[in-house]
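Scope of the values below: all heavy atoms of this structure, side chains included, with no hydrogens, waters or symmetry mates.
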Amino acid sequence: MDLRLFPRAEAHGKTIVLGEHSVVYGMPALAAGLPRGIELRARPLPDPRQPSTLRIPAWSLDIPLVVESEHPVARAALEVLGHCDGPLTGWAIEGDAALPAGAGLGSSAALTVALARLVLGPEADVEAVVAASLAGERIFHGEPSGIDSQVAARGGLLRFVRGQEPTPVPLAGPLSLLVVPSGVERRTAEQVARVRSRHDRFPSLARPLLDVLGRAVDEGIAALRARDHAALGEIMQLCHGVLAAFGVSSPVLDAMCSTALRHGALGAKLTGAGGGGCILVLPGPDPQPLVDAFVAQGHAPLLVELTP
Ligand code: PMV
């Protein structure tokens with residue numbers, strides 16, 4: 001057991017561009033790392049037997065990490081530290097989070113990846129970090145596809161298939177995305193169960209729809225390669241409709257997508273599990289009118305600029 005933590009570690013947030021839900025059924029997904037995610041800092045407590053603490057003011061989180069805790073974050077954090085053979089007591093961990101929690105931007109994966117890196121260090125093998133993160137993610141999400149942990153650890157634009165190492169998607173030019181949190185909380189597991197129930201009741205209808213979501217990923221990557229953002233926007237529109245057919249959109253998310261299209265977006269869709277959380281908007285050449293429109297409605301959009 002390594003009783004030391006590195007002084008700081010960071011991890012990315014994520015947004016799923018295409019392929020949420022179908023990724024659970026073995027199809028590909030396309031996801032982007034958000035450049036700003038979470039940064040953790042660790043300092044030793046005077047007594048190494050003292051319970052460790054985890055404080056992330058942006059998430060109103062200030063908890064002791066004790067085995068008897070019922071707090072899911074405490075249980076997940078101890079799971080990650082234990083998985084890496086790290087210290088279970090004697091450390092104060094503090095974090096700055098640039099992501100809202102519980103909005104489908106991979107906050108829990110960012111936290112578990114950064115915790116794993118506090119033990120394993122900045123040079124750690126990325127698959128070891130992902131494996132440790134997944135041990136914690138299972139406490140939050142049951143059986144996640146693993147996409148959040150991969151993106152939190154690697155960043156950039158990734159094509160992901162469950163159980164495989166993700167492949168970076170090269171960009172032919174800069175890509176701006178606008179992520180807009182709805183402010184409506186939702187539980188990933190509930191939305192995944194909603195799709196599962198439709199899949200199990202009407203497999204002959206649901207399977208082709210899931211195929212569409214999966215195929216959209218490679219169509220979207222081809223559009224990006226060709227720098228055809230109008231085509232990518234259309235593909236995003238199509239996917240929002242299919243996700244809505246599975247019942248994972250909501251009147252709020254639909255209205256936000258309409259706002260985006262009215263203000264010049266090339267496409268807009270729910271991103272992540274749905275039911276609440278965020279929408280993802282592909283802006284036209286000038287994202288400012290979109291940003292202004294969402295700010296006027298009380299939202300706090302995040303502009304993500306990806307570069308080749
Ligand atoms: O937790 P979210 O909102 O980022 O959604 C996760 C994406 C799903 O495909 C719906 C589930 C999964 O495990 O991949």
Side-chain angles (χ1 to χ4, degrees), residues 13-22 29-37 58 97-107 157 174-188 190-191 194-195 209 212-213 216-217 219-220 223-224 227-306:
K14 74 102 213 326
T15 179
I16 297 181
V17 181
L18 293 165
E20 51 275 270
H21 287 293
S22 45
L30 178 67
L34 305 181
R36 280 157 46 74
L99 304 168
L105 297 180
S107 54
L157 193 62
L175 174 68
S176 303
L177 297 170
L178 196 66
V179 179
V180 193
S182 66
V184 179
E185 284 201 19
R186 85 288 173 273
R187 283 173 38 83
T188 299
E190 268 166 30
Q191 303 305 318
R194 190 182 283 264
V195 174
L209 292 178
V212 168
L213 294 176
V217 170
E219 292 284 353
L224 274 174
R227 295 223 31 80
D228 189 348
H229 287 190
L232 178 61
E234 266 188 70
I235 294 166
M236 288 169 65
Q237 287 307 115
L238 204 146
C239 291
H240 181 77
V242 174
L243 289 163
F246 277 109
V248 295
S249 190
S250 73
V252 171
L253 297 178
D254 290 343
M256 288 171 70
C257 289
S258 301
T259 299
L261 296 174
R262 270 203 317 277
H263 290 85
L266 300 176
K269 62 183 273 293
L270 71 88
T271 176
C278 298
I279 65 160
L280 179 71
V281 179
L282 182 65
D286 179 12
Q288 200 54 47
L290 276 166
V291 172
D292 294 344
F294 282 113
V295 169
Q297 290 188 358
H299 295 289
L302 309 168
L303 188 60
V304 182
E305 312 264 14
L306 300 169

Heavy-atom side-chain proximity of [X] to [Y] below 4.5 angstrom:
{"X": "L105", "Y": "P100", "value": "yes"}
{"X": "V281", "Y": "V179", "value": "no"}
{"X": "L224", "Y": "L30", "value": "yes"}

Distance-only criterion, 3.5 Å: show the donor-acceptor pairs between side-chain atoms of residues 252-267 and protein atoms not counting sequence neighbours.
{"unit_1": "D254", "atom_1": "OD1", "unit_2": "H240", "atom_2": "NE2", "d": "2.9"}
{"unit_1": "D254", "atom_1": "OD1", "unit_2": "S249", "atom_2": "OG", "d": "2.6"}
{"unit_1": "S258", "atom_1": "OG", "unit_2": "D254", "atom_2": "O", "d": "3.1"}
{"unit_1": "T259", "atom_1": "OG1", "unit_2": "A255", "atom_2": "O", "d": "3.1"}
{"unit_1": "T259", "atom_1": "OG1", "unit_2": "Q297", "atom_2": "NE2", "d": "3.3"}
{"unit_1": "H263", "atom_1": "ND1", "unit_2": "T259", "atom_2": "O", "d": "2.9"}

Quick one: CG on L280 to CG on L270, what's the gap to the nearest 0.5 Å?
->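 One finds 9.5 Å between CG of L280 and CG of L270.
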How long is the gap from CG on L213 to CG on L18, to the nearest 0.5 Å?
->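 Reported value, rounded in 0.5 Å steps: 9.0 Å.
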Distance-only, no hydrogens or angles: does the [X] side chain make a donor-acceptor pair with backbone N or O of [Y] under 3.5 Å?
{"X": "H21", "Y": "A273", "result": "yes"}
{"X": "K14", "Y": "S107", "result": "no"}
{"X": "H299", "Y": "P181", "result": "yes"}

E190: salt bridge (charged side-chain N to carboxylate O under 4.0 Å, His left out) partners, not counting sequence neighbours |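 Per chain and number, E190 pairs via salt bridge (charged side-chain N to carboxylate O under 4.0 Å, His left out) with R187.
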Which atom pair, heavy atoms only, marks the closest approach of L209 to V242?
->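 Between these two residues, the closest heavy atoms are O-CG1, 3.7 Å.
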Within residues 264-284 or reaching into it, pairs that qualify as salt bridge (Lys or Arg N to Asp or Glu O under 4.0 Å) - sequence neighbours excluded =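 The answer is E20-K269.
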Using the test side-chain hydrogen bond (donor to acceptor under 3.5 Å, both in side chains), find all partners of [X] that sit at least two apart in sequence or belong to another chain.
{"X": "R186", "answer": "T188"}
{"X": "T15", "answer": "T271"}
{"X": "S182", "answer": "none"}

Taking only residues two or more places apart in sequence, or in another chain, which ones meet L306 in a side chain to side chain contact (heavy atoms under 4.5 Å, CB included)?
->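 Result, side chain to side chain contact (heavy atoms under 4.5 Å, CB included) vs L306: A32, L157, L171, L175, L177, V304.
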Test side chain to side chain contact (heavy atoms under 4.5 Å, CB included) applied to R36 - qualifying residues, sequence neighbours left out =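 With neighbours one apart ignored, the set is A98.
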Taking only distance into account, with no hydrogens and no angle test, what donor-acceptor pairs under 3.5 Å do side-chain atoms of residues 282-296 form with protein atoms, sequence neighbours excluded?
{"unit_1": "D286", "atom_1": "OD1", "unit_2": "Q288", "atom_2": "N", "d": "3.0"}
{"unit_1": "Q288", "atom_1": "NE2", "unit_2": "D292", "atom_2": "OD1", "d": "3.0"}

Let me check something: any side-chain donor-acceptor pairs from residues 228-238 under 3.5 Å, sequence neighbours excluded? List them with distances.
{"unit_1": "D228", "atom_1": "OD1", "unit_2": "A231", "atom_2": "N", "d": "3.1"}
{"unit_1": "Q237", "atom_1": "OE1", "unit_2": "A268", "atom_2": "N", "d": "2.7"}

